[in-house]
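Structure first, commentary second.
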Amino acid sequence: MSEWDQQLREALRRVEPPPGLAERILANLPPVPQRQSKRHPLVFLAMAAALIIIFLGALIHHRRMEQQQQQRAQEARRELVFALRVTAAKLAVVQSRLQRSALPLPFLRKETEHL
Amino acid sequence: MKMLLLAAISAALCAQAQSIDFSSLDKLVDKAEDSNTISLDQNQLRAALQMLPADKENAANLQHLRKLVSGLTGITVRSLEFDGPGKYRDSDLQTIRTQISKLPGASKIVDSKEKDEHSEVYMLMDGEKPAGMAIISA
């Protein structure tokens, strides 16, 4: 082992702290300030009120959307009924015309009577 | 006197049938006493079906109607009503007739003329299955 190694080992050897060092350090530390909320209680109240308003707003919006959907469905129902009535009426006209036009052909009517 | 055009289309041919251009009738709207335009797609038809009342007396009819309509993918009605004859010409409908007859699988099954009224029924086929119907009554 070289002299240099010997000096290094000597310099880095473990030295025990003097007794009571930890207690003295802790005793000299400044007291930790207690964490206090800087927010005013009204802020929490306002936040709660805002949440309630948002919830109610969403609820009202949802109800309105439902009503609109129902109105659209009602409108679609009216249109469907109208469309089917008009179709049925026109098909009835066509059918009656076809039946009338078949009248001058009694032989054909007899032939098709059993169908 | 009433002029009506109606297309009730189901399944495969819906897209083509709903693309029928009715703009040739727009010029007649001002002359018409009553004008109705209805265009219901499949979603609207479903919504309409849900709104049908649950009537116990007509339960069978309603069930039949539901079955009929649930098979449709669209209904288009263009209806114009005039207070008297001579407010439109037969040629006003020609472009619509041409469009319908050019739809794939379309064939005219009824062509009935009587006095001032002319009715036509077109059947739209998707292979061997009926895919829709178009009625022109003028």
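Naming convention: chains lettered A, B, ... in sequence-line order (proteins, then strands); numbering from 1 in each chain. Only a predicted model underlies this, so the values are computations on that prediction, with no experimental measurement involved.
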Is there a chain of hydrophobic side chains (I, L, V, M, F, W, Y, each step under 4.5 Å between heavy atoms) that links [X] to [Y]?
X        : Y       : result
B/Phe82  : B/Phe22 : yes
B/Ile109 : A/Leu91 : yes
A/Ile60  : A/Phe55 : no
B/Val29  : B/Leu93 : yes

Roughly how far, to the nearest 0.5 Å, is CD of A/Glu79 from CG of B/Leu45? 10.0 Å

Out of curiosity, B/Asn36 CG to A/Phe82 CZ, how far, rounded to the nearest 0.5 Å? 4.0 Å

B/Ile135 versus A/Lys90, closest heavy-atom pair with distance: CG2-CB, 4.4 Å

Of all heavy-atom pairs between A/Ala83 and B/Val77, which one has the smallest distance, and what is that distance? CB-CG2, 3.6 Å

With side chains defined as the heavy atoms from C-beta onward, is the minimum distance between A/Leu80 and B/Met51 less than 4.5 Å? no

Quick check: do B/Leu65 and A/Leu84 have side-chain heavy atoms less than 4.5 Å from each other? yes

Is the CD atom of A/Gln68 crowded by more than 12 outside heavy atoms at less than 6.0 Å? yes

Within the supplied structure, the quantity of interest is the number of heavy atoms (other residues, nucleotides, ligands) at a distance under 6.0 Å from A/Arg24 CZ; does it exceed 12? yes

Heavy-atom proximity to chain B below 4.5 Å, by part of A/Gln70: both

Which bit of B/Asn43 is near chain A, if near means a heavy-atom gap under 4.5 Å: side chain, backbone, both or neither? neither

